[in-house]
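One structure is given below, encoded as structure tokens.
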Amino acid sequence: MAITACPSCSKPISDKAKSCSHCEFNIGNATLEDMERKAKFARYQAMQKLQNQSMIAILMFIIGFGLIYWGGSEPGEIQYNLSIATTIVGFVWYTVNRVRLALGKRK
């Protein structure tokens with residue numbers, strides 16, 4: 001008995017299992033085409049999540065950047081420091097997500 005990845009959720013399951021204990025995908029009656037389709041759909045959903053996170057990161061960056069210049073606070077104030085932190089977090093988060101998307105597309 002070997003451990004394989006579920007074609008639907010990619011979690012480890014037994015190769016003798018008729019259905020996945022995590023997502024209830026019926027492996028016993030599934031054809032190879034069904035499994036491939038399910039795996040592609042799971043990969044598509046993962047990529048969509050990363051793209052949504054990238055959009056949120058861009059919005060954080062823009063909001064932080066806007067508050068720095070149009071927020072009316074002076075350097076050293078708490079609002080100014082929060083604006084700087086929001087801008088940096090948004091930029092770093094966006095960069096990390098873009099790298100993850102690029103690596104995900106290579107697979």
**Message:** Going by side-chain contact (heavy atoms from CB on, under 4.5 Å), name the residues that satisfy it together with Tyr69, two or more places apart in sequence or in a different chain.
**Reply:** Phe65
**Prompt:** Who pairs with Gln53 by side-chain contact (heavy atoms from CB on, under 4.5 Å), at least two apart in sequence or on another chain?
**Reply:** Leu50, Trp93, Asn97, Arg100
**Request:** Please identify each residue that fulfils salt bridge (Lys or Arg N to Asp or Glu O under 4.0 Å) with Glu33, with sequence neighbours left out.
**Result:** Arg37
**Message:** Within this structure, what is the CD1-CD1 distance for the pair Ile13 and Ile3, rounded to the nearest 0.5 Å?
**Reply:** 8.5 Å
**Prompt:** So how far is it from Leu67 CG to Ser73 OG, rounded to the nearest 0.5 Å?
**Reply:** 8.0 Å
**Prompt:** In Å, rounded to the nearest 0.5 Å, how long is the span from CE of Met60 to CE of Met55?
**Reply:** 14.5 Å
**Request:** Name all residues meeting the side-chain contact (heavy atoms from CB on, under 4.5 Å) criterion together with Ala42; count only those two or more places apart in sequence or in a different chain, and write none if there are none.
**Result:** none
**Asked** side-chain contact (heavy atoms from CB on, under 4.5 Å) with Ile88: which residues, sequence neighbours excluded?
**Response** Ile84, Val92
**Asked** Do the non-hydrogen side-chain atoms of Arg98 and Ser54 ever get within less than 4.5 Å of each other?
**Response** yes
**Request:** Decide whether Leu101 and Val96 are clustered together by the hydrophobic rule: side chain heavy atoms of Ile, Leu, Val, Met, Phe, Trp, Tyr closer than 4.5 Å, transitively.
**Result:** no
**Item:** Reported CZ-to-NZ distance for the pair Phe41 and Lys38, which is rounded to 0.5 angstrom
**Value:** 7.0 Å
**Message:** Taking the side chain as everything from C-beta on, heavy atoms only, tell me whether Ile68 gets closer than 4.5 Å to Thr87.
**Reply:** yes
**Prompt:** If you round to the nearest 0.5 Å, how far is CD of Gln79 from OG1 of Thr86?
**Reply:** 10.0 Å
**Heavy-atom neighbours of Met47 CE exceed 12 at 6.0 Å** = yes
**Asked** Do you reckon Tyr94 sits in the same ILVMFWY cluster as Ile62, going by side-chain contacts under 4.5 Å, direct or chained?
**Response** yes
